Amino acid sequence: MASLSLGLSLSRKKNISRNAAVERKNLITVCRFSVKTLIDRSCFETIDDSAPEFVNFASILEQILSHRLKGQITWFGYESPRSFWDYIRVACSKVPHSCICSIENMENVSSSRAKGRAWIRVALMEKRLSEYVTAALRDFKTTRRFYDDGAIVLGEEANMLAGMLLGLNAIDFSFCLKGEGLDGSFPAVIDYTPYLKFTQSSDSISSDEEELRTLGSSGSESSTPENIGPPFIMDENSWYNKCKRVEQKYRLALEQKGYLEELVRLREAQLSDSVSQNKLLLQRIERTELNHKLEKEQLEYIIVELQDQLTVLKNNDLRSRQELTTHLTNQWPSPGALDVNAVALETLLYQKHNEQWDEKSFHSLGQLSADASLSQISFDPGQSQDGNGKHEGSHLTRVNDCGVMQ
């Protein structure tokens, strides 16, 4: 009994894992088909909201991003469903120049599902859908927080999804963000009928032809030429199917070739811009180095010239000091000579002063002596003759004694 229950549980787990794998494979495969149909449709016209290929692609991408998405736990412990927009809003918040904030602030979009659909349209018009999905998948911690085990975004199919969405960057989209496609009141439904066209393989066609030939040969030998018509018809159909398959492959290769050529042209334009910018930068660097070299040479020349001028000024200053010292030494005598000259000068001045005083005294004494002699003559006339010689001799003797006459 235990072995039976164990076998049932194992088979149940196998069925669950198989169903999950088939579900992931179906969604990824139909997503690849939808991308191809979008590329095929874009060769003839611009993709807008009315294109059935886009409607189907948006539904597929919405279901892929909602695959095994965890619910939101409320305060009461219940799990309420959430939209993939809650995951995109958190995981793509660090993408530079993202449209997350503008979609959050849209007035006509209120529900979380409608904001997610608006994000798909804006990302396609920006040609950045693959960039957003790649950035979200790189944030593995946030992805694990929002999704359960077995989700497409947690498996190997996630890398395939990002690669498939890269081809949509070559398509020009034009959407209206106020249409009915943003209504979040109904879930997205995938239309599988465009991808369920059965094409018989060439091996199957050849086996059918051989079977018809065998059945025809086993019949009566008197079969008319009309009985061999179906094999020829099948041959025509087989060739028609082969041509159709080749045509489809050719168209697919042509689309891929156009996309790759466009990508190559874009990369060549970017490369040429980078090369031109690099040349401009190199020229600017060369000019800067040349200017720097010239300025350095000018500064070195100025430094040498200033050093020469400084040397000349120092020599002139030293020569001026020596000349000034020599001049002062020659102009002012020594202290001993200065004292001797001062004594001589004082002596000369004293002698000159005394000479002036002696002359004045001599004149005054001569006048007094003359007056005295006149008065004596007037009082003693008899002795005038005898006393004249004595008076004159005494006067001369007195003058000589004073040392006035030299």
Side-chain angles (χ1 to χ4, degrees), residues 22 24-65 120-121 123-134 152 156-175 181 188-209 232-270:
V22 170
R24 293 195 301 268
K25 185 178 179 181
N26 289 339
L27 288 174
I28 291 296
T29 303
V30 77
C31 181
R32 183 170 64 251
F33 288 156
S34 65
V35 170
K36 290 182 178 180
T37 55
L38 278 174
I39 295 174
D40 190 18
R41 180 68 177 270
S42 65
C43 296
F44 305 101
E45 57 183 348
T46 304
I47 307 298
D48 55 6
D49 296 273
S50 61
E53 291 84 1
F54 166 73
V55 174
N56 215 23
F57 168 76
S59 302
I60 294 168
L61 184 60
E62 184 175 344
Q63 288 205 13
I64 288 175
L65 295 177
I120 293 175
R121 286 162 171 78
L124 286 173
M125 287 190 291
E126 290 180 349
K127 302 181 185 299
R128 299 179 64 190
L129 182 60
S130 177
E131 179 183 355
Y132 284 114
V133 174
T134 304
I152 294 177
E156 298 178 356
E157 296 85 357
N159 297 327
M160 298 173 59
L161 176 64
M164 285 186 294
L165 298 179
L166 185 62
L168 298 177
N169 295 341
I171 302 177
D172 294 328
F173 293 93
S174 177
F175 301 119
V189 179
I190 303 175
D191 183 12
Y192 291 95
T193 55
Y195 318 116
L196 296 179
K197 295 179 180 179
F198 175 73
T199 302
Q200 191 175 9
S201 63
S202 59
D203 297 335
S204 177
I205 294 174
S206 62
S207 62
D208 290 343
E209 292 175 356
F232 290 101
I233 296 174
M234 292 302 298
D235 291 338
E236 293 178 359
N237 291 334
S238 64
W239 283 110
Y240 175 76
N241 293 330
K242 288 180 180 180
C243 292
K244 192 172 182 180
R245 285 195 299 272
V246 171
E247 183 182 359
Q248 290 177 354
K249 291 180 180 180
Y250 172 75
R251 292 183 62 183
L252 181 61
L254 186 63
E255 293 169 0
Q256 293 176 353
K257 177 177 175 292
Y259 170 70
L260 292 176
E261 288 178 351
E262 182 68 23
L263 190 62
V264 168
R265 283 194 295 269
L266 179 62
R267 293 294 183 267
E268 287 179 350
Q270 293 176 353

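Note that the coordinates shown come from a computational prediction; the quantities given were computed from them, not determined experimentally.
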Legend entry - Pairs satisfying side chain to side chain donor-acceptor pair (under 3.5 Å), at least one member in residues 161-174, at least two apart: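 Every pair satisfying side chain to side chain donor-acceptor pair (under 3.5 Å) with a residue in residues 161-174: Lys127-Asp172.
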Just verifying a value: how many Å separate [X] [atom1] and [Y] [atom2], rounded to the nearest 0.5 Å?
X	Y	atom1	atom2	answer
Leu129	Met164	CG	CE	11.0 Å
Met125	Ile120	CE	CD1	12.0 Å
Leu168	Leu38	CG	CG	6.0 Å
Ile60	Leu161	CD1	CG	11.0 Å

Inset, instruction - For the pair Asn26 (side chain) and Val22 (backbone), establish whether a donor and an acceptor sit closer than 3.5 Å, ignoring hydrogens and angles. - result: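 Side chain of Asn26 to backbone of Val22, a donor-acceptor pair under 3.5 Å: yes, one is there.
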Inset, instruction - Taking the side chain as every heavy atom from C-beta outward, state whether Phe57 and Leu165 have any atom pair closer than 4.5 Å. - result: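 Yes - at least one pair of side-chain heavy atoms lies under 4.5 Å apart.
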Inset, instruction - Answer whether the closest heavy-atom distance between the side chains of Ile64 and Cys31 falls below 4.5 Å. - result: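 Answer yes - side chains close enough.
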Applying salt bridge (Lys or Arg N to Asp or Glu O under 4.0 Å), name anything that partners [X], two or more places apart in sequence or on another chain.
X	value
Arg41	Glu45, Glu53
Glu131	Arg128
Asp48	none
Lys257	Glu261

Legend entry - Over 12 foreign heavy atoms within 6.0 Å of OH, Tyr250: no
Nearest atoms (heavy-atom pairs only) where [X] meets [Y]:
X	Y	value
Val30	Leu27	CG1-O, 3.2 Å
Phe173	Leu124	CD1-O, 3.6 Å
Ala188	Glu62	CB-OE1, 3.5 Å

Inset, instruction - Return yes if a side-chain donor-acceptor contact under 3.5 Å exists between Asn56 and Tyr195, otherwise no. - result: yes
Legend entry - Check ion pair Glu262-Arg265 (N to O, under 4.0 angstrom):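 Salt bridge: yes.
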Inset, instruction - Not counting sequence neighbours, which residues clear side-chain hydrogen bond (donor to acceptor under 3.5 Å, both in side chains) with Arg32? List them please. - result: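 Counting only residues at least two positions away or on another chain, Arg32 forms no side-chain hydrogen bond (donor to acceptor under 3.5 Å, both in side chains).
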